[in-house]
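In what follows, a single structure is set out as structure tokens and then discussed.
Residue numbers start at 1 and run along the sequence shown.
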Amino acid sequence: MEREKRSVGGILSSLSLLCVVLDLQLDGCLAASHAEIENHLEMGRKLLAAGQLAEALSHYHSAVDGDPRNYLTYYKRAAVYLAMGKFKSALPDLSKAIDLKPDFMAARLQRGNILLKQGDTQEAKEDFEAVLLNSPSNEEAQNQLERVRELDDRLQEAWEAYDRQDYGESISLLERVVELSPWDPNVRELRSDCYLEVGDLNKAVQDLKPTTKLRNDNRAAFLKLSKLYYTMGVHEESLSHVRECLKLDQDDKDCFSHYKQVKKLSRQLESAEELIREQRYENAIEKLEAAIKTEPHVEIYRKRAKERICHCLSKSQQTDQAITVCTEAHQRDPQNPFLLKDRADAYILNEEYEKAVEDYQQAKELDGESEEFKEGLERAQKLLKQSKKRDYYKILGVKRNANKQEVIKAYRKLAQQWHPDNFQSEDEKREAEKKFIDIAAAKEVLTDPEMRQKVDAGEDPLDPENQQGSGHHQQWPFEFNPFSSGNFHFKFNFN
């Protein structure tokens, strides 16, 4: 019996000692935990002051996890969220702080401000009234409550204007509404619709864009933006936005259907531009014609494709076809200076210099800053002036895009035809001599790349005025002195 008493006494003594130890350990843990929380709060405060928001937020997360009953910790974390522009994340923290401490007026005031900016006027009103009930002289709450009333009135008037199809008045009223509630997707969507009604697509897009972030899973906005960009001819942006829709739901039928259309057209237009850079103009034309078939209804794509076809035809020196296509495209798009430029280049190849000058002048009027148009006009004017003097292409009867073999072939034929020994009388021989000199000069100039480049730029490389100071002296490709008297004897070099 005595042994049992001693045993029980020992157990009680051990339990008492264990309790003391556990109490000491618990106090130590609580102290350590409290110290850690304070450290996180202090680090969060310093990082927030330094603008290192992500790092500050991490410390406030740890502080909340360590003490989920501390209303101030939630409030401080909400402040970081607001500094990061994450007002949606700030709201739950402010609400939690108010739940933990209902008379925490600073949190109520901050929440009311967010709710007002979101357009939640009824809830915002309740928060501001609660603040005024606790502190009737609070000026910020008074001012914000007045803004709530103003917002409700303006929004009602804007809807009334919209319903009676007075879209300009609605837009005017919504300017203040958006200023008061910039985070409300509804008012931005309403103003976007008004801009669409008045035909201002750019402003409609500007209002619709923020709604993709203001509203969760806003596939409808991404699709609408994609279609607007598509209509505006900005197929790259259209493709980007419809892809965002499919990221939210890859099985969205409307988005996928539009995606296929935009993707096909974008690929054709981008392939055409790549082929143009590679100077594969015929292949580029095929892609552009396919793009017109892919999208026959949106006029801007047809205009753009026709402009590039015009460019390809001009660059590939298909002059007659280029002039026809460029003229048709210009009638559809009269303010496009590039059509005029490409048609002017085709006119130059066709030796219609007056028309080329006229087109370049119009292009320059449409875009006075373009160096390309200025240089093109100067070149066309030089060629027009030159055409009224000596035209080497006309002398040989070849086109401006004739290659070297075609030039030599024409030269040989004309040189044989106008050989002075073919003529009997002195007058005929003198006339033949003049012709032959021009034929030989034309052959020399047009088979010399440097001199031909000058001719194409509107200069005459054999004109004495252009040769002054250049050190260049005329060398004839045949052996005769055109200023000697007597019989003419020629030795030709047909190479």
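A side-chain donor-acceptor contact under 3.5 Å links K88 to the backbone of L214. Judged purely by atom type and a 3.5 angstrom limit, S192 uses its side chain to pair as donor or acceptor with the backbone of A204. In this structure, R379 contributes its side chain and D456 its backbone to a donor-acceptor pair below 3.5 Å. A donor-acceptor contact shorter than 3.5 Å links the side chain of T324 to the backbone of D320. At distances below 3.5 Å, not a single donor-acceptor pair connects side-chain atoms of S314 with backbone N or O atoms of R343. The closest donor-acceptor contact from the side chain of Y75 to the backbone of N70 lies at 3.5 Å or more, if one exists at all. A donor-acceptor pair under 3.5 Å links the side-chain atoms of S316 to the main chain of L313, judged by distance alone. Side-chain atoms of S58 never come within 3.5 Å of backbone atoms of E55 as a donor-acceptor pair (strictly under, hydrogens ignored). The backbone N or O of P136 sits less than 3.5 Å from a side-chain atom of Q142, completing a donor-acceptor pair. Formation of a donor-acceptor pair under 3.5 Å by the T327 side chain with backbone atoms of I323 is found in this model.
In summary, R308 and E273 engage in a salt bridge, as defined by a charged side-chain N under 4.0 Å from a carboxylate O. Salt bridge present: K224 and D193 bring a charged side-chain N and a carboxylate O closer than 4.0 Å. Checked for salt-bridge contact, E307 and R304 miss the test: no charged N lies under 4.0 Å from a carboxylate O. Of the charged side-chain nitrogens involved, at least one lies within less than 4.0 Å of a carboxylate oxygen, so that E299 and R332 count as a salt-bridged pair. The pair K203-D207 does not meet the salt-bridge criterion, since no charged nitrogen lies less than 4.0 angstrom from a carboxylate oxygen. In this structure, E150 does not pair ionically with R147, as no charged nitrogen and carboxylate oxygen lie closer than 4.0 Å. The existence of a salt bridge linking E358 and K355 is excluded, since no basic side-chain nitrogen approaches an acidic carboxylate oxygen closer than 4.0 Å. Under 4.0 Å is where a charged nitrogen must lie from a carboxylate oxygen, and between K247 and E244 at least one such pair does.
Neither side chain, E372 nor S370, offers a donor N or O lying under 3.5 Å from an acceptor on the other. Between Y230 and Q261, the side chains place a donor N or O and an acceptor N or O closer than 3.5 Å (distance only, hydrogens not considered). For the residue pair Y393/N401, the side-chain donor-acceptor check at 3.5 Å is not satisfied. There is a side-chain donor-acceptor pair under 3.5 Å between N113 and E140.
Ring geometry for F222 versus H241: interplanar angle of 30 to 60°, hence tilted.
Ring centroid separation for the pair Y162 and Y167 comes in under the 6.0 Å cut-off.
For the pair K101 and Y71, the cation-pi criterion (under 6.0 Å, within 45° of the ring axis) is fulfilled.
Distance check, rounded to the nearest 0.5 Å: CG of N283 to CG of L275 gives 5.5 Å. Annotation: the span from Q206 atom CD to D200 atom CG amounts to 8.0 Å, rounded to 0.5 Å. Rounding to the nearest 0.5 angstrom, the gap separating the CG atom in L208 from the CG atom in L225 is 4.0 Å. In this structure, OH in Y347 is found 9.0 Å from SG in C326, a value given to the nearest 0.5 Å. Between the OH atom of Y229 and the CG atom of L239 there is a distance of 13.0 Å, given to the nearest 0.5 Å. In this structure, NE2 in H297 is found 12.5 Å from OG1 in T231, a value given to the nearest 0.5 Å.
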Where do Y392 and D460 land on the side-chain hydrogen bond (donor to acceptor under 3.5 Å, both in side chains) test, with the steps shown first?
CA-CA 9 Å; Y392 295 111; D460 185 349; 2.6 Å; yes
R188 vs D184, test: salt bridge (charged side-chain N to carboxylate O under 4.0 Å, His left out). Steps then yes/no. CA-CA 7 Å; R188 289 187 176 274; D184 184 357; over 6 Å; no
Margin query: What verdict does the ring pair (Phe, Tyr, Trp, His ring centres under 6.0 Å) test give for F338 and F373, after you've listed the backbone C-alpha separation in whole Å, the side-chain angles of each residue and the deciding distance to 0.1 Å?
Written below: CA-CA 9 Å; F338 297 101; F373 298 157; 5.6 Å; yes
Would R215 and E189 count as a salt bridge (charged side-chain N to carboxylate O under 4.0 Å, His left out) here? Give the steps. CA-CA 11 Å; R215 199 189 299 282; E189 287 167 351; 2.9 Å; yes
- Start with the C-alpha gap between D127 and Q144, add the side-chain angles, then the distance that decides, and say whether side chain to side chain contact (heavy atoms under 4.5 Å, CB included) holds. CA-CA 10 Å; D127 272 340; Q144 291 299 79; over 6 Å; no
TODO: Give the intermediate values and the outcome of side chain to side chain contact (heavy atoms under 4.5 Å, CB included) for residues H330 and N336.
DONE: CA-CA 7 Å; H330 177 58; N336 189 331; over 6 Å; no
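Contact of the K227 side chain with the L223 side chain is registered, since non-hydrogen atoms from C-beta on lie closer than 4.5 Å. Side-chain contact between Y281 and Q318 is absent, with no heavy-atom pair separated by less than 4.5 Å. Looking at Y301 and T294, their side chains never come closer than 4.5 Å, going by heavy atoms from C-beta outward.
A63 and T73 make their closest contact through CB-CG2, 3.6 Å (heavy atoms, listed as atom of the first residue, atom of the second, distance). Residues L339 and D333 come closest through the heavy atom pair CD1-O, 3.8 Å. Looking at every heavy atom in both residues, L100 comes nearest to P68 through CD1-O, 4.1 Å.
Pairs passing the side chain to side chain donor-acceptor pair (under 3.5 Å) check and including a residue from residues 39-52, sequence neighbours excluded, read H40-H59, E42-R45.
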